[in-house]
Amino acid sequence: MLGLLSAINLRDSKMAERYNIRETEEKWRKVWEDHNVFHVTEDPSKKKYYVLEMFPYPSGRIHMGHVRNYSLGDVVARYRTAQGYNVLHPMGWDAFGLPAENAAIERNAHPKDWTYENITAMRVQLKQMGLSIDWEREVTTCAPDYYKHEQKMFLDFLKEGLAYRKEMMVNWDPFENTVLANEQVVDGKGWRSGAPVERKKLNQWSLKITDYAEELLEAIKTLDRWPEKVRIMQENWIGKSQGCRFTFNIIDKDETLDVFTTRPDTLFGASFAAMAVDHPLAQKLCDGKEGFKDFVQQCQSIGTSEAAIEQAEKIGFNTGHFVDHPFIEGKKLPLFLANFILMDYGTGAIFGCPAHDQRDFDFATKYGLEITQVVAPADGSNIELPFTDDGVMINSEFMNGLSTSESKSVAIKKIEELGLGEGITQYRLRDWGISRQRYWGCPIPIIYCDDCGTVPVPENQLPVELPYDITFDKPGNPLAHHPSWKHVKCPNCGKDATRETDTFDTFFESSWYFARYTDPKNDGISFAKNKAAYWLPVDQYIGGVEHAVLHLLYSRFFTRALSKCGYMDTPEPFAGLYTQGMINHMTYKDKDGKWVYPKDVIKDESGNWVLATGNHEPVTAGRVEKMSKSKRNTIDPQDILDSYGADAARMFILSDSPPDRDLEWTEAGLGGSWRFINRVHSFIMDAKATILAAPQGAPSDAAKQLQKTAHQTIHAVGSAIEAFHMNKAVAKLRELYNAIEEFKPQSGDTALYKEAVEYLIRGLNPMAPHLTEELWSELGHTELLIKTAWPEVNPEYLVADSATIAIQINGKLKATIQLPVDTSKEDAEKAALSETSVANALEGKAIRKVIVVPNRIVNVVAG
RNA sequence: GCGGGCGUGGCGAAAUCGGUAGACGCAACGGACUUAAAAUCCGUAGGGCCGCAAGGCCUGUGGGGGUUCAAGUCCCCCCGCCCGCACCA
């Protein structure tokens, strides 16, 4: 069987006589570039369409995920262009980030040089895909002419009260003296040092995204072209809940404890109160108590990842103190510390009602606490505790008999009357901490002065540029170690002062790049308001679902914050969103159990997987999994582009699976697309004389049918592309090709034949732009296909003149017949019953009923 | 634990409204071409059974039940897989 290598040989032999993919593809890319066909400017006379794929991190080489992402976007961009839209389709580089610093540490490469080299290499690769990108709008986020604008934004946010500084908990690596991202914490240890990670408080800059919690939540409703799943994820992330905050009095202590609950209705079932281990009161009440330190350690050793905590048992520590029940005179509730209470949510403390909450139930069972049922099912049925559904109140004095929702408001009213608290709306969303203790990011334009405090860098001193002469020999932030960079004079008083050495979270750059593309070369301001107004919002945004929450939510927040600061007036950045699936590939292991790259594996004569080199030792094929470097089941797009060409790669990645599902990359499937491209080329070249011949006489019925099929195909392809069903669009075009290939044109048919062939070429253009541009030119067109409008569909040809009617007896198919479209029910029934096979099958049976659905089906009920 | 999604041939998948299940492709098999193989081209194909054949019968969309003239599609229960998450009080 053929693996990749034999397929290349196949190409070489074929190439000599037929379609030279490499040369032809290169030729057309050059023509497009020479004619600058993808460059656009604002044109108020045309409808605009903004297609955007998530911009890549310049890691060095493109991967298959990029190929899928940008192929999808390019289909949309080319289709919309053909439809006459003024299409903006830009590309750029999300160029700040940790990998550049890792490269610096690991192989002594300067982050800037490393990044720019990667950009150069990846630009070549992306261009080789034949994407319809306006490269004049290229944006690189690590360039001072990009990041100086976000320093200005930050200063504006500061003025508007949208940025502030506060203490935040971070993961601290005591050996490296650095803050760790969550993914850098492995089993509670620093990924590089292996030292146990500490939780430490640091002063961090934050953005007030919580100011927009309600607005961000509400506006999700308007995002009707976003996937349902992403909208739900964002809703859950914002996490609005209605509840009640109230204060417990701690008996025998001069302290109170604020708690938050969404179930004030269950207050009569309260049997304990509990707070987070890192609650300020915990230390106060328990310091020195036996077992307290151990308990704290036990809680911290579980780790912060939700997966670990999930497995963990609910454990508590009895403070020995009690709180007063707010409604029941003289009732005391024991006060615990508990590992399942988060300091970050609500007030970091709760009351526990074991009968109506699973966690509280587990906890009470473990510690032998009282369990009082206060909610019963409304239908009086028997239940087992805990019962967490709504119902009617029992054992609840003045609330008895009320429904769950009624008693919630009654309980809140009572709390308010007693002056203990109030009904509140709570959000899960926290402010966005943007400080990072790293070199390769945008410097935060702040200066600290002993006398003047925190001083913004004056705008005329922007940008605060990163120094190039930097070393990574010491642990910690290189900016802080730089001998001179941070030492400046205070802009206010002129005394010695120091710069902020933290840099922005890299989500800062990606939160506004889509706006920068509308005016990428503006030196004075981040983007002109009128240009942003023309192009925004992005009509179609495409990317991985892994950005469903953070990047997309931050961008939505930025759009609002920038509006507040007068930069733009767009309500939402992304009107349409599409999230693509992953690319999977079979995994292989050699006899020693080591992972083997697919390109090193072939099938031998008997169909077994073996190593491509040496003695062809056998290889074990494993599961189909997400492409990853660690499992070595990756395919390098460069190899594919070089050997099969961009069109085949694009076609295959679009044709097999719906784009939102995972795609299994197979060499054989790719070969199928490659063969199709060659077949289309050789067929049209062979038929060229016939296609271009002037018709003699009237066209045959078969030719008219072919013309209809062509129009129907284009119609279906258009709707499929709009619905992101690229696989169906490809299938439809293959059907049209099959019909054309089978068709034997008569002398009067050539005009219609040509029309069908050209519709095929034009329909294929968004997926296979090089091939179709070549064939278009071969058929004598002097105008580029990229400049040619999407084929017109004659609505008359969408209507069939005959319909295939299925005839069923008792719901089972017996025959199919052709009838003119819109044959009356009576005539259809007559025709069905007179069909011989139907008549035979009905012999001796009584016809009870006949159901006729025009143009579709006749079902005879008989028995 | 919570939330979301999915389950159709050997495989990836199609199937507006409930109305001919399996389009299109991959792999497979048969044939043509070839000294031979590959490529290419032509053809076959859900599974099972009967038939020399034409054709016919049964069965089939994870499992069970229901609604309907008719269910991949709607309803109920069950099983399996995948994804997201910050125990959300």
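Here is the naming used below: chain letters follow the sequence lines, and residue numbers restart at 1 for every chain. What you see is a predicted model, and the numbers here were worked out from it, not measured in a lab.
Side-chain N/O atoms of S241(A) include one lying less than 4.0 angstrom from OP1 or OP2 on A89(B). Under 4.0 angstrom from either OP1 or OP2 of A27(B) there lies at least one side-chain N or O belonging to R675(A).
Rounded to an integer number of Å, the gap from F652(A) CZ to C26(B) C1' is 9 Å. If you take CG of N810(A) and C1' of C58(B), they are 16 Å apart, rounded to a whole angstrom. Per the geometry, CD belonging to Q242(A) stands 11 Å off P belonging to A89(B), to the nearest Å. Computed from coordinates, the D357(A) CG to C2(B) P distance equals 11 Å when rounded to whole Å.
Considering only the side chain of K849(A), C69(B) comes nearest among A27(B), C24(B), C69(B). Closest to the I350(A) side chain, of the nucleotides G25(B), A89(B), G84(B), is A89(B). Of all nucleotides listed (U59(B), G84(B), C87(B)), U59(B) comes nearest to the side chain of K812(A). Distances from the side chain of F340(A) to the nucleotides C24(B), G4(B), C87(B) place C87(B) closest.
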Symbol by symbol from the 5' end, with Watson-Crick or G-U pairs under 3.5 Å, [ ] crossing and | another strand, RNA chain B is (((((((..(((......[....))).(((((.......))))).(((((....)))))..(((((..]....))))))))))))....
Output one line per pair: protein atom, nucleotide atom from nucleotides 31-34 of chain B, and distance, for all N/O pairs under 3.5 Å.
none

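If you find the closest nucleotide of RNA chain B to V549(A) and to R428(A), the one lying nearer the 5' end belongs to V549(A).
In this structure C69(B) sits in the anti conformation; its chi angle is more than 90° from 0.
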Before you tell me yes or no, could you show the steps for I415(A) and R245(A) under side chain to side chain contact (heavy atoms under 4.5 Å, CB included), namely the whole-Å CA-CA distance, both residues' side-chain angles and the distance that decides it to 0.1 Å?
CA-CA 9 Å; I415(A) 289 279; R245(A) 189 200 56 78; over 6 Å; no
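Residue contacts for L663(A): at a heavy-atom cut-off of 4.0 Å it reaches no nucleic acid atom on any strand shown. Within the 4.0 angstrom heavy-atom criterion, only backbone atoms of the sugar-phosphate kind lie near G672(A); the bases stay farther away. Residue-level contact check: R359(A) touches the bases, meaning some heavy atom is under 4.0 Å from a base atom. At the heavy-atom level, K240(A) lies nowhere under 4.0 Å from the strands shown. Nucleic acid contact class of N738(A) (heavy atoms, under 4.0 Å, all strands): sugar-phosphate only.
Figure legend: cation-pi geometry between R734(A) and F676(A), with NZ or CZ positioned under 6.0 Å from the six-membered ring centre and within 45° of its axis.
Around NZ of K732(A), the count of heavy atoms belonging to other residues, nucleotides or ligands within 6.0 Å does not exceed 12.
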Using a 4.0 Å heavy-atom cut-off, write out nucleotides 14-22 of chain B from 5' to 3' as B (base contacted by protein), S (sugar-phosphate only) or - (no contact).
SS-B-BB--
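With P354(A) as the partner, the side chain to side chain contact (heavy atoms under 4.5 Å, CB included) test is satisfied by one option alone out of Y367(A), F272(A), F363(A): F272(A).
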